[in-house]
There are 4 protein chains.
Amino acid sequence: MPLAAEGAGKRERLVMAARRMIHEQGVEKTTLADIAAVAEVPVGNVYYYFKTKDALVAAVLDAYQNSYRGISAELDRQPTPQARLKALVRVLTERRELLTARGCPVGSLSSELDKRDDELRGQGAIVLSTLIDLAEEQFRALGRDDARELGVALIAAYEGVVLLASTLREAGLISTEVARLERWIDTLAG
Amino acid sequence: MPLAAEGAGKRERLVMAARRMIHEQGVEKTTLADIAAVAEVPVGNVYYYFKTKDALVAAVLDAYQNSYRGISAELDRQPTPQARLKALVRVLTERRELLTARGCPVGSLSSELDKRDDELRGQGAIVLSTLIDLAEEQFRALGRDDARELGVALIAAYEGVVLLASTLREAGLISTEVARLERWIDTLAG
Amino acid sequence: MPLAAEGAGKRERLVMAARRMIHEQGVEKTTLADIAAVAEVPVGNVYYYFKTKDALVAAVLDAYQNSYRGISAELDRQPTPQARLKALVRVLTERRELLTARGCPVGSLSSELDKRDDELRGQGAIVLSTLIDLAEEQFRALGRDDARELGVALIAAYEGVVLLASTLREAGLISTEVARLERWIDTLAG
Amino acid sequence: MPLAAEGAGKRERLVMAARRMIHEQGVEKTTLADIAAVAEVPVGNVYYYFKTKDALVAAVLDAYQNSYRGISAELDRQPTPQARLKALVRVLTERRELLTARGCPVGSLSSELDKRDDELRGQGAIVLSTLIDLAEEQFRALGRDDARELGVALIAAYEGVVLLASTLREAGLISTEVARLERWIDTLAG
DNA sequence: CATGAATGAGCTTTCATTCAT
DNA sequence: AATGAATGAAAGCTCATTCAT
């Protein structure tokens, strides 16, 4: 019986469960009981791993950041900056059904946290910055002086269209916008 | 003491208060007591005007739609489609401090409602659709076959950059993106 | 415009509406708003006719008593005491569907009022006593010394079987018991 | 300090408290705060044991059914069906003061539940049926073909006279009716 | 007499957090 | 480390009653 491993497993399970439930229901509507149930961890035990609900939310943000670092590694296998940008944008299309159903996990979470007045306020930044940086790098590699601006524009287009698709319940909006973005990327000097 | 006006005034005050508090705190974190306090109406009295909290939220959505209809009228005073699009985009810059502080009122509200499973789910659509239609019309007036696609792209860019600006707390993101969008509009055939 | 008549009409309508709603939902679950709506009287206006909700309930009890006095008059058209008792019992079978659906209006109201600690406590007595007296008279006319006891027994059997029929949702219980009671009445000396 | 016993004890205490308060005040007038106070349990804690107030009411019904099963066992110690019927009827006289004060706990509860439109509607049946069955068995043991009818009649007489006694505040009605029923039982073939 | 509006006390229910073991 | 149970503050909502006109 790997004790420590079991503990780590529980912690991980809790973060995954929180990630899923918060994506589906939002932070406020998701109770610790919900999360504990999904993670199959007794409610009282959650507090051994996380001092407060907020700490668990913070852990979810960390988890997202790690995910995006993983994406970064994948992108590096692409030969050109354009290919990397298009690959970045294309991961969208793959998940478009989920995104249309419940919005962007990071975007909607950030949006919710932006309304708060506590330490969590604006903590979505640690994740979204990573994404923007990722795009910015590629634009810079393309020799653009406005790389940061374009990085912001790309991620903004992503977050914006997912919000629209989710609200209008039209997954097609995502496909169309992704195609548009890919064409735009192709027009960039390289 | 205007009789009817007082009643109508209260209803209006409640909607305005709800609008403000929901923008600042989100639907879930905003209590009826919060709203009632801001509107200077006794809590119990809220229910004379709105059967449930949800009904009040729905009224807020209606209020936004009416606001946007007002914008539509303003835009009509612009001479060309391009001018109208740029005017649309420019209202953003004016409010950028507020948007950076608390996000787009409609966007964040829609984002929150998208997580729900009740009648309010997706009700942000009635407002966002109005906005998209507004943009689409102008693109169509410019003779674009992809008017709808461009309308979606424009509003998505707007919602997206406000989300980023709000999360990163950088009002500058909005100014930069708006400038970029204006330049883009200028490049369109007219 | 018969002013007084209109007023009387409203009062009557309120009592009828209260009677119906209280039979259907019980005193506690029936709101003044419910009653006012059925009676088509503005809520605020109810208080012109009845000082409190309890006063309206008291008026309902009075109405029931008057109804039962009406029944008394009808019974007098029967030739013999037995015929009168059987007629009394037979009015049950006629309304058995309603009774099975919502219980005896007087019985269930009395039952509810018996739980109270205010002036309404036990006020069902004014109605139920009338009923018992009605039966008792007939038994006395039959020369029974135990007329009161039999009167109580008859009304108890009535109230009891309606309660059972209503709870078990078996209208048949009423028919069967009524037949049994009629046979019993026939066996009495006369 | 018995661990499991303490939890079970609380649940039981809550049911007993609910039983008592509901008998005294009715379901609608009895608040969870009332029940919690009597059971000496914090209000919030009630929801650890019962998901809703209705669930607690359902538990009270179950408790009554178990009580009546206990009575059934006691009756079995009587030698003849008549003796069992009379024993059944006699438990009434013993509690007549309480019954006169607040009505039959099961009867008045059933009466109140019959007015509802939810899952609790008619749930008094599970208890009253048990009682009827108990009587029916004895009548059948006496060789009566109309055992069911007589069982219903006996329980109806019981419920009815308790209602009358409670409303008229005459405990004597119960004694008299019980005596009458005992005499009637004696006349039955056996 | 009539009435829409107002009021506030009170109810059920939820939930993050804590605690005893 | 683990956990069922406990806690209490706060939420949304209802409603008899009152009031201004």
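A note on names: the letters A, B, ... follow the listed sequences, proteins ahead of strands, and every chain is numbered from 1. Since we're looking at a predicted model, the values are computed, not measured.
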Result for 5'-nearest mapping on DNA chain F, choosing between B/Asp54 and C/Lys51, is B/Asp54
Taking the side chain of D/Thr31 as heavy atoms from C-beta outward, which of F/dT17, F/dC13, E/dT12 is closest to it?
-> E/dT12
Atom NZ of C/Lys53 to atom C1' of F/dT14: distance rounded to whole Å?
-> 11 Å
Rounded to the nearest 0.5 Å, the CG atom of C/Leu32 sits from the NZ atom of C/Lys53 at a distance of 6.0 Å
Rounded to whole Å, CZ of A/Arg11 lies from P of F/dA1 at a distance of 13 Å
If you draw a 6.0 Å radius around CZ in A/Arg169, do more than 12 non-hydrogen atoms from other residues or ligands fall strictly inside?
-> no
Whole-Å gap separating P (F/dG12) and CD1 (B/Ile22) | 11 Å
Gap between atoms CD and P, on A/Glu28 and E/dA16 respectively (whole Å) = 9 Å
C/Asp114/D/Arg102 under side chain to side chain contact (heavy atoms under 4.5 Å, CB included): CA gap, chis, key distance, verdict | CA-CA 6 Å; C/Asp114 287 347; D/Arg102 293 293 176 177; over 6 Å; no
F/dC15 P sits how many Å from C/Leu56 CG, rounded?
-> 16 Å
D/Tyr47 side-chain proximity, nearest of E/dT12, F/dT7, F/dT3 | E/dT12
Of B/Val46 and C/Gly44, the one whose nearest nucleotide on DNA chain E sits closer to the 5' end is C/Gly44
note: C/Phe50, atom CZ; E/dC1, atom C1'; distance rounded to Å ~ 15 Å
Residue-phosphate contact under 4.0 Å: D/Lys10 side-chain N/O, F/dA6 OP1/OP2 = yes
Out of E/dT12, F/dT7, F/dT17, whichever nucleotide has its closest atom nearest the side chain of D/Pro42 | F/dT7
For the pair made of CD in A/Gln25 and C1' in E/dC15, what is the distance, rounded to whole Å?
-> 14 Å
N/O (side chain, B/Tyr49) to phosphate O (OP1/OP2, E/dA6) under 4.0 Å | yes
Distance col, row A/Cys104:SG vs A/His23:NE2, nearest 0.5 angstrom, shows 7.0 Å
Pairing partner (Watson-Crick or G-U wobble, both distances under 3.5 angstrom) of F/dA20 | E/dT3
Using purine N1 to pyrimidine N3 plus N6-O4 or O6-N4 for Watson-Crick, or N1-O2 and O6-N3 for G-U wobble, each under 3.5 Å, what pairs with F/dA9?
-> E/dT14
When you measure from the side chain of C/Asn45, which nucleotide among E/dT3, F/dG4, E/dA6 comes out closest?
-> E/dT3
Stepwise side-chain hydrogen bond (donor to acceptor under 3.5 Å, both in side chains) test for B/Arg121 and A/Thr167 = CA-CA 8 Å; B/Arg121 158 84 228 250; A/Thr167 300; over 6 Å; no
Measure from NZ on C/Lys29 to C1' on E/dT12 and round the result to the nearest Å.
-> 12 Å
D/Tyr48 side chain N/O closer than 4.0 Å to the phosphate oxygens (OP1, OP2) of E/dT14?
-> no
